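Below is one structure, written out as structure tokens, with a few remarks after it.
The structure presented is a predicted model; accordingly, all values stated were derived computationally and were not measured. Only this structure's heavy atoms are used, side chains among them; waters, hydrogens and symmetry mates stay out. Below, chain A is the first sequence line, B the second, and so on; all start at residue 1.
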Amino acid sequence: MADAVLFEFLHTEMVAELWAQDPDPGPGGQKMSLSVLEGMGFRVGQALGERLPRETLAFREELDVLKFLCKDVWAAVFQKQMDSLRTNHQGTYVLQDHSFPLLIRMASGLQYLEEAPKFLAFTCGLLRGTLSTLGIKSLVTASVAALPACKFQVVIQRS
Amino acid sequence: MAVCVAVIAKENYPLYIRSVPTENELKFHYMVHTSLDVVDEKISAMGKALVDQRELYLGLLYPTEDYKVYGYVTNSKVKFVMVVDSSNTALRDNEIRSMFRKLHNSYTDVMCNPFYNPGDRIQSRAFDGMVTSMMIQHSFSLLPRARQPRGSCVSWLSLGIAEKVWVGALAAHMGCLGLKSTGKEGLKGPLSSRWPRRRD
């Protein structure tokens, strides 16, 4: 399917471009690029959160929104559904993907583990943006234990 | 054909409000404002009801002697409010639903526009054009706002004495709700006092 791979190429180039500006970024510079990526993902997620649920009925509760995220949003962006969703019922959700499409081309094991976070920043922003349009303020972080499996942790911020 | 169309953000401030220019606009602004209470009521009733079917279209919010007000809420808690003329009895529910669907589609396009910051007033000409096509066409009005590049959101800023009347009515309304008002709206426009803008 050509469509899926177009986004992967674009994403790879985006990360490469941001890192090319500063070939040896110190910890401060790296954080800036990561937050730029996350910000991009956030804006895309906001638009996605408006467009995708158009035909679906109103969400009843938070868990419904997270399920929508795992099934419909993931399927729309990555052509597959999230592999597992766990929650502690107190505002923390862990979304697990065993073969994340943006990482699957890189390695399958422990090689390139330090490079993996840059490729997850955009997706974290995407999740945060979609949640924010649907009315949920959250903090999304990602962690990789072994490529290409990764976990996204969503912590709902209740004010 | 709608007489007034409004898009309200989830924090309850207006993103876009436009009415037929021949009528007194304040009246419509106030109608939209009061309909927000009804919308909130319906949304919370929807939350408590155990019925599976949770529709986005809210239906007739309340009828007045001249006008009927319809509501629609999206999944992102953005509300669309439409005021139609009561004398136009040919309008059926299906037509109102299709008008709201068109509004929703246009709003989604505005959201996806990279030049639009979510939370700002809607200034898109395409959105304006779509709303114009939904508004009632009076034979003696040219709907001049369709030509203004900044959309019609400037209309409430240019009110003078009428603004003071509005502020007074607003203060009375807020007084009934037990809220305080500063009374000094300045040049920000009459609706900003009740609808504080909160941005992320």
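Heavy-atom minimum distance, A:Pro53 versus B:Asn75: O-ND2, 3.0 Å. Listed here is the closest heavy atom pair of A:Arg51 and B:Cys112: NE-SG, 3.4 Å.
Note that the CG atom of A:Leu134 and the NZ atom of B:Lys77 stand 8.5 Å from one another [nearest 0.5 Å]. From A:Arg43, atom CZ reaches atom CG of B:Asn117 across 7.0 Å, with rounding to the nearest 0.5 Å.
No continuous path of hydrophobic side-chain contacts links A:Phe122 to A:Tyr112 [ILVMFWY only; heavy atoms under 4.5 Å]. Tracing side-chain contacts under 4.5 Å through hydrophobic residues (I, L, V, M, F, W, Y), one never reaches A:Leu34 starting from A:Leu139; they form parts of separate clusters. A:Leu120 and A:Val155 sit in two unconnected hydrophobic clusters of ILVMFWY residues. Membership requires side-chain heavy atoms under 4.5 Å apart, directly or through other members.
For residues 72-98 of chain A, every residue pair satisfying the ring pair (Phe, Tyr, Trp, His ring centres under 6.0 Å) rule, not counting sequence neighbours, is listed here: A:Trp74-A:Phe78, A:Trp74-A:Phe100, A:Trp74-A:Phe152, A:Phe78-A:Phe100.
In this structure, the portions of B:Asn105 lying under 4.5 Å from any heavy atom of chain A include both its backbone and its side chain.
Put simply, the side chain of B:Thr74 reaches to within 4.5 Å of the side chain of A:Glu50, judged on heavy atoms.
For A:Phe68, the ring-ring contact (aromatic ring centres under 6.0 Å, His included) partners are A:Phe59, not counting sequence neighbours.
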